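The structure under discussion appears below in the form of structure tokens.
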Amino acid sequence: MPRTKTTESLQAILPRFINNMKGKKDYQMHLMFYNWEKIVGPQIAMHVKPVRMDFRTLFLHADSPAWSTQLKYMERELIDKINGFVATELVTSIRYTNFIIKEKQIKKDKNDGENEPVIINPEGCDIEKAASACGSIKDEEVRKAAERAFAKKEAADREKRKKGCHVCADCGVLCPPGKSVCGICERKRREKEKDAIRRAILKKPWCSYAELYESFHCSPQAAMEQRLELIRSLSRRVKVGDETSEDAKKIVMLKTLLPPEKLTEEKIHEVLGRMSANLIYDPDAFRKKKKPEGRRFTPRKYERKRKE
């Protein structure tokens, strides 16, 4: 931008300065969005909002089909207004979309202080506990940092106990009221229960849900999830055409809930045939057998000609 001898206002310099920058188009787009009401007027701006720009195509959102239909007849006039305001050919076409970016409306109540951060200052008892717990640390800076962290934790735990939090039955960490264990211990208990159900089903693949409920008091969904997981894991070890291995028979028992004495060759073939897409591909099972070597077939009319 050339230097001038006279002084100019920032309002006159800023547009020329941005025109020489790489973000010229972005500046013009945001300028159009910000001054949308000035460009189209307050009446249209109340019902039609700009959403985004994509390759010189402006996407608008209208609150009713009547407004989008009306503005389609005014498309050329609307494009001229936009380009005239930004002083360049920014928009070449207009489209309408149902998507609109809603502005987040955060309502704060002056009397409600739940969302405000609560600063908890450690008391004397918290500082004493921190000093006794971290006294063995030799480095002074590390010891002071550990004491501050320990004191803040003790103060936070004290406030949690006032709100009704209690100690977890498994790990000793404070957990919210109404729960016997914390979230981590609860997840570990669920994983242990899943492992126990999976072992029970693997030991007796034909067991029913009633038998599992007597032992674990689990839901039907939990039992079905472990049964399907076992079927998936066993199918990774069975080849297509294998109908005699123990894993193949377990898959059939898991699918049909039939005990071993009631399994038949037809049932095994039927179930594994439906699951062939999930089993290991074995090229030997689909390899064509070679035709026995011997005399080739020749039509009778050629045999007669040879004899003559």
Side-chain angles (χ1 to χ4, degrees), residues 54-55 97-99 168-171 173 175 179-307:
D54 192 5
F55 293 102
T97 178
N98 292 327
F99 175 77
C168 174
D170 291 351
C171 64
V173 177
C175 59
K179 293 184 178 181
S180 59
V181 293
C182 63
I184 297 174
C185 295
E186 187 177 357
R187 185 166 62 252
K188 289 181 180 179
R189 285 186 178 184
R190 286 198 299 267
E191 293 297 330
K192 287 182 180 179
E193 184 180 1
K194 288 179 181 179
D195 293 340
I197 294 170
R198 193 183 300 114
R199 286 195 297 269
I201 296 174
L202 188 60
K203 187 176 181 180
K204 189 178 179 182
W206 62 91
C207 65
S208 61
Y209 169 68
E211 297 175 359
L212 292 173
Y213 182 78
E214 289 179 1
S215 302
F216 305 102
H217 298 282
C218 59
S219 62
Q221 183 179 1
M224 183 57 67
E225 284 179 0
Q226 301 310 312
R227 190 179 294 275
L228 293 175
E229 183 63 30
L230 280 173
I231 292 172
R232 284 193 292 268
S233 61
L234 290 173
S235 62
R236 300 190 193 104
R237 302 185 301 196
V238 177
K239 294 182 178 181
V240 176
D242 180 13
E243 299 179 357
T244 58
S245 63
E246 293 295 328
D247 292 338
K249 292 179 180 178
K250 284 180 181 179
I251 290 174
V252 178
M253 287 187 282
L254 288 168
K255 295 281 287 185
T256 60
L257 300 182
L258 292 175
E261 59 271 11
K262 292 186 179 181
L263 286 180
T264 59
E265 294 182 358
E266 292 80 7
K267 195 67 177 178
I268 294 173
H269 182 74
E270 179 187 354
V271 174
L272 294 178
R274 293 199 301 264
M275 293 186 58
S276 59
N278 299 324
L279 303 179
I280 300 173
Y281 174 72
D282 186 10
D284 297 333
F286 297 98
R287 188 173 295 171
K288 293 183 179 180
K289 296 181 180 179
K290 294 183 179 180
K291 293 181 179 180
E293 296 181 358
R295 184 181 176 184
R296 293 183 179 179
F297 174 75
T298 55
R300 290 183 180 180
K301 59 180 181 179
Y302 292 109
E303 291 181 358
R304 290 174 185 175
K305 287 181 180 181
R306 287 177 184 176
K307 290 178 181 180

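Everything numeric in this text was worked out from a predicted model, so none of it was measured.
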Using side-chain heavy atoms (C-beta onward) and a distance below 4.5 Å, is [X] in contact with [Y]?
| X | Y | value |
| --- | --- | --- |
| L258 | V252 | no |
| K249 | P260 | no |
| K188 | C182 | no |

Pairwise distance [atom1]([X]) to [atom2]([Y]) - rounded to 0.5 angstrom:
| X | Y | atom1 | atom2 | result |
| --- | --- | --- | --- | --- |
| L254 | Q226 | CG | CD | 12.0 Å |
| D170 | S180 | CG | OG | 7.5 Å |
| L212 | C207 | CG | SG | 4.0 Å |
| D247 | S245 | CG | OG | 5.5 Å |
| D54 | T97 | CG | OG1 | 11.5 Å |
| I280 | R236 | CD1 | CZ | 10.0 Å |

Review point. Should the ring pair Y213 and H217 be called parallel, tilted or perpendicular, given that the plane angle runs from 0 to 90° and is split at 30 and 60?
Key: perpendicular
Side-chain atoms of residues 264-272: list all donor-acceptor pairs with protein atoms under 3.5 Å, sequence neighbours left out, distances to 0.1 Å.
from	atom 1	to	atom 2	distance (Å)
T264	OG1	K267	N	3.3
H269	ND1	E243	OE2	2.7
E270	OE2	R274	NH1	3.0

Practice item. Give the intermediate values and the outcome of side chain to side chain contact (heavy atoms under 4.5 Å, CB included) for residues I231 and M275. Key: CA-CA 10 Å; I231 292 172; M275 293 186 58; 3.8 Å; yes
For a quick test of reading the model, state the closest non-hydrogen atom pair linking [X] to [Y] and the distance between them.
| X | Y | answer |
| --- | --- | --- |
| S276 | G273 | OG-O, 3.2 Å |
| V238 | A248 | CG2-N, 3.8 Å |
| W206 | M253 | CE3-SD, 3.7 Å |
| C218 | I197 | CB-CD1, 3.7 Å |

Point to revise | Pair D195-K192, salt bridge (charged side-chain N to carboxylate O under 4.0 Å, His left out): steps then yes or no | key: CA-CA 5 Å; D195 293 340; K192 287 182 180 179; over 6 Å; no
Point to revise | Lys/Arg N to Asp/Glu carboxylate O, K194 vs E229, below 4.0 Å | key: no
Review point. Between I184 and R187, does a side chain to side chain contact (heavy atoms under 4.5 Å, CB included) hold up when you go through it step by step?
Key: CA-CA 5 Å; I184 297 174; R187 185 166 62 252; 3.9 Å; yes
Exercise for review: Assess whether salt bridge (charged side-chain N to carboxylate O under 4.0 Å, His left out) is satisfied between E186 and R189, documenting all intermediate values.
Suggested key: CA-CA 5 Å; E186 187 177 357; R189 285 186 178 184; over 6 Å; no
